[in-house]
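Quick notes on the structure that follows.
Every heavy atom of this structure was used, including side-chain atoms; hydrogens, water molecules and symmetry mates were not. Just so you know, ligand 1 is whichever comes first in the structure, and atom 1 is the first atom listed for that ligand.
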Amino acid sequence: MVKVIFVCLGNICRSPMAEMMFTDMVDQAGLSDQFDISSMATSNYEIGNPPHEGAIAELNKQQVPLIDHVGAQISKQDFLDADIIIGMDEQNITDLKHMAPAGTEDKIKMAYDVLGFHKAIKDPWYDHKFDRTYAELSEVLPAWLKELTK
Ligand code: 4NP
């Protein structure tokens with residue numbers, strides 16, 4: 001079982017989209033029993049809140065099955081339990097490295113690392129470009145699935 005945690009700043013836009021898209025990919029590949037997939041925030045801003053309506057609308061448009069989700073902040077125990085923690089941008093990685101208990105830092109990756117690009121999954125919070133978030137996640141998630149099933 002591979003425990004994957006997707007992480008962004010608020011856990012209402014990018015990381016829940018990543019969680020739902022990756023879960024759909026894993027289900028379609030018949031690999032659901034091999035993965036434990038969740039998403040969390042670095043911040044406490046949106047704890048208890050549902051995903052952004054723009055994220056839900058984009059997932060519906062793309063026919064990605066929705067998963068019940070409320071915002072949660074990553075805890076020290078989550079770092080210990082995870083096999084891999086995938087952040088969306090540079091700030092997420094900086095914050096995660098500050099929060100990580102000793103010995104867990106190597107679990108932290110940035111989403112585009114898997115393609116060898118140093119690039120962010122940009123925050124749609126300000127411009128509401130959830131179609132861009134979907135497109136960016138569609139580039140990296142199949143590569144993560146391949147990497148994590150090696
Ligand atoms: P996310 O987007 O990190 O992709 O979930 C944001 C959500 C909330 C805030 C910022 C970004 N906020 O400042 O509350």
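Qualifying salt bridge (Lys or Arg N to Asp or Glu O under 4.0 Å) partners for Asp123, counting only residues two or more places apart in sequence or in other chains: Arg14.
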Enumerate, one pair per line, all nitrogen or oxygen atoms of ligand 1 lying under 3.5 Å from a protein nitrogen or oxygen, stating the separation to 0.1 Å; write 'none' if no such pair exists.
from	atom 1	to	atom 2	distance (Å)
ligand 1	2 (O)	Asp123	OD1	3.2
ligand 1	3 (O)	Leu9	N	3.0
ligand 1	3 (O)	Gly10	N	2.8
ligand 1	3 (O)	Arg14	NH2	3.0
ligand 1	4 (O)	Arg14	N	3.0
ligand 1	4 (O)	Arg14	NE	2.8
ligand 1	5 (O)	Asn11	N	3.2
ligand 1	5 (O)	Ile12	N	3.1
ligand 1	5 (O)	Cys13	N	2.9
ligand 1	14 (O)	Glu46	OE2	3.2

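Between Lys107 and Phe79, the shortest heavy-atom contact is NZ-O, 2.9 Å.
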*Report the C-alpha distance between Ile67 and Glu19 in whole Å, list the side-chain angles of each, state the deciding distance to 0.1 Å, and finish with yes or no for side-chain contact (heavy atoms from CB on, under 4.5 Å).*
CA-CA 9 Å; Ile67 297 170; Glu19 175 187 346; 4.2 Å; yes
*Could you walk me through whether Leu9 and Trp125 pass side-chain contact (heavy atoms from CB on, under 4.5 Å), step by step?*
CA-CA 10 Å; Leu9 177 62; Trp125 171 253; over 6 Å; no
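Remark: Lys3 NZ is packed, more than 12 non-hydrogen atoms of other residues, nucleotides or ligands lying under 6.0 Å away.
Between Asp89 and Ile121 the shortest side-chain heavy-atom distance does not fall below 4.5 Å.
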